[in-house]
Amino acid sequence: MKHDTVIVLDFGAQYSQLIARRVRESKVYCEILPYSASVAQILEKNPKGIILSGGPSSVYAKGAPHVSKEVFELGIPILGICYGMQLLSYALNGKVQKASKREFGLAPMKIKDRHNLFAGLPATLQAWMSHGDHVTKLPAGFKVMASTANCHLAAAGNDQKKIYGIQFHPEVVHTQKGTKIIENFVRKVCGCKPTWSMDSYEKIAIEQIREQVGKGRVICGVSGGVDSTVAAALIHRAIGKQLSCVFVNNGVLRKDEAEQVVAMFKNQLHIPLHYVNSEKLFLDLLDGVSEPEKKRKIIGGTFIRVFEQKARELQKKEGAFDFLAQGTLYPDVIESVSVKGPSAVIKSHHNVGGLPKDMKFKLVEPLRELFKDEVRELGARLRIPHELLWRQPFPGPGLAVRLLGPITKQRLDILREADAIVQEEIQKAGLYYSIWQSFAVLTPIKTVGVMGDERTYENVCAIRAVHSTDAMTADWVKLPYELLGQISNRMINEVRGINRVVYDITSKPPGTIEWE
């Protein structure tokens, strides 16, 4: 089935991925392209709608990102969000100026035109604003559709050309009815059919896997997490015995994790699994390494080398392997490489940016365009157990990115015990499945403490817990004081090497979920 498609042109907005996610929530397929994509590249996607994202620039500044005016003459409906509104106004001979009052946060917005974009919405709603520039004169043929106290032109449009601009951000949860506004654009204005679902995706993905692999063989690295497990289950459904799954103990796993993963694949998923214990190899290479990106590169590169060696061993029994399968997700791709637009590279993921250039395998990444909640929905269709499906995400580089400073076996063991306490207490409190991620971070900071009558000088351990839906944004969890106290007491009393516990109350942005 061919899906209707909406394209998001990315101008460097931190929320571009959320726009795409909201479009998909409307059951319409969406992709992100860089603002610099040519008209030919845009038309190649055959989009029924184009969304211009926000961005940090001023449209009138030298070097600001722009699109070809031809984009506005294609006859394809366009929605400009924040910078996107300013850009289309500027391109169509309107005026954009620095606002006398910068507007940031929630603002009551009065809707003056409740057709098309605002169909079915109340006359007033709260909208999330974040802008220093604003449109002061609309292009010819445009009308005012909504206003706030500080922004007369909060929304405007040209119904005939189906081009609309909104100064606020409908993609963030703070804007009331924001998802409905995006749905109105893609469904009412663009006329997209709601055919995008994990049911349809499963069928298409299976066909694509079979087409890509043919009669070849696939080796799949699994970690026991949601992403790699769903990828393995999907590929197994597509090609059966042509798939061999391998689980590598890379030395930076959580307490008892290796045993749990092996048991799960054997007893619950019934997918054959080869276990490789390479803990010593990884830890020898990581010993004393402090720089976060170097840790990732070592783990990613060694991971592939171990796979190649295991593949050579297995091919004598099962035949040669042509492909490596991974559970790479859309946020991994976006955060690792700025191929979608001018957004900053935040960090590389070992399953995206850490692969060696001379890798012998071709990649199979069936989840590469999915967000985490879509992966879980797909996993439910594949009948993966609930407790696994809703397991909290665990980074590919494992505890290496939760161990700040040099990696040593001793420090990893301290972190394992501390993290196990966090997991146990969060589970006991009945909060595990309502929290996106909760874990311990061992810092390189030591502080003075007193235990009994003796002075101590030991490590500071941080607790991190966040709420999120797709890992692109996250809010810190307000854990009960009693729970934090219980975790702290257990860590200090049970884990030798920790004498102080702190709680991380940073949201994303400005922070990231992981510390490295």
Shortest non-hydrogen contact between L234 and L382, atoms and distance: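 Looking at all heavy atoms of both residues, the shortest contact is N-CD1, 3.8 Å.
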
Heavy-atom closest contact (A154 atom, M85 atom, distance):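 Here A154 and M85 meet closest at O-SD, 4.3 Å.
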
Is any NZ, NE, NH1 or NH2 atom of the basic residue among [X] and [Y] found under 4.0 Å from an Asp or Glu carboxylate oxygen of the other?
X: E207; Y: R210; value: no
X: D475; Y: K508; value: no
X: K362; Y: D322; value: no
X: K294; Y: E291; value: no
X: R237; Y: E202; value: yes

If you draw the axis of the six-membered ring of F371, does the NZ or CZ of R24 fall within 45° of it and under 6.0 Å from the ring centre?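 Ring-cation test returns no.
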
Looking at F394, is R254 sitting on its ring face, NZ or CZ under 6.0 Å from the six-membered ring centre and within 45 degrees of the normal? yes

Do [X] and [Y] have side chains that get closer than 4.5 Å, going by heavy atoms?
X: Q97; Y: Y60; value: no
X: Q423; Y: Y432; value: yes
X: L43; Y: I76; value: yes
X: C220; Y: S228; value: no
X: P77; Y: I50; value: no
X: L363; Y: F323; value: no
X: W515; Y: R402; value: no
X: V218; Y: I239; value: yes

Polar contact flag, side-chain donor to acceptor under 3.5 angstrom, [X]-[Y]:
X: S58; Y: K98; result: no
X: N184; Y: N116; result: no
X: Y164; Y: D159; result: yes
X: Q17; Y: E171; result: no
X: T506; Y: D504; result: yes
X: Y83; Y: D133; result: no

Strictly under 6.0 Å, is that where the ring centroids of H3 and W196 end up?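 When the ring centroids of H3 and W196 are compared, they turn out to be within the sub-6.0 Å range.
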
How about Y90 and H66: are their ring centroids closer than 6.0 Å? yes

Which residues satisfy the side-chain contact (heavy atoms from CB on, under 4.5 Å) test with K203, sequence neighbours excluded? D199

If the condition is side-chain contact (heavy atoms from CB on, under 4.5 Å), which residues does T124 pass it with, not counting sequence neighbours?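 For T124, the residues satisfying side-chain contact (heavy atoms from CB on, under 4.5 Å) (neighbours in sequence not counted) are K110.
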
Is atom NZ of K112 surrounded by more than 12 heavy atoms (other residues, nucleotides or ligands) closer than 6.0 Å?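 Yes, NZ of K112 has more than 12 neighbouring heavy atoms, counting only those of other groups under 6.0 Å.
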
Acceptor/donor pairs from residues 384-391 side chains to any protein atom, 3.5 angstrom cut, sequence neighbours excluded:
unit_1, atom_1, unit_2, atom_2, d
E387, OE2, Q268, NE2, 2.9
R391, NH1, G224, O, 3.0
R391, NH2, E257, OE2, 2.3

As an exercise, state the distance from CD of Q176 to CD of Q126, rounded to the nearest 0.5 Å. 5.5 Å

CD1 on I235 to CD1 on I206, rounded to 0.5 Å: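 The distance works out to 10.5 Å.
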
Report the C-alpha distance between T5 and K48 in whole Å, list the side-chain angles of each, state the deciding distance to 0.1 Å, and finish with yes or no for side-chain hydrogen bond (donor to acceptor under 3.5 Å, both in side chains). CA-CA 6 Å; T5 299; K48 296 200 72 173; over 6 Å; no

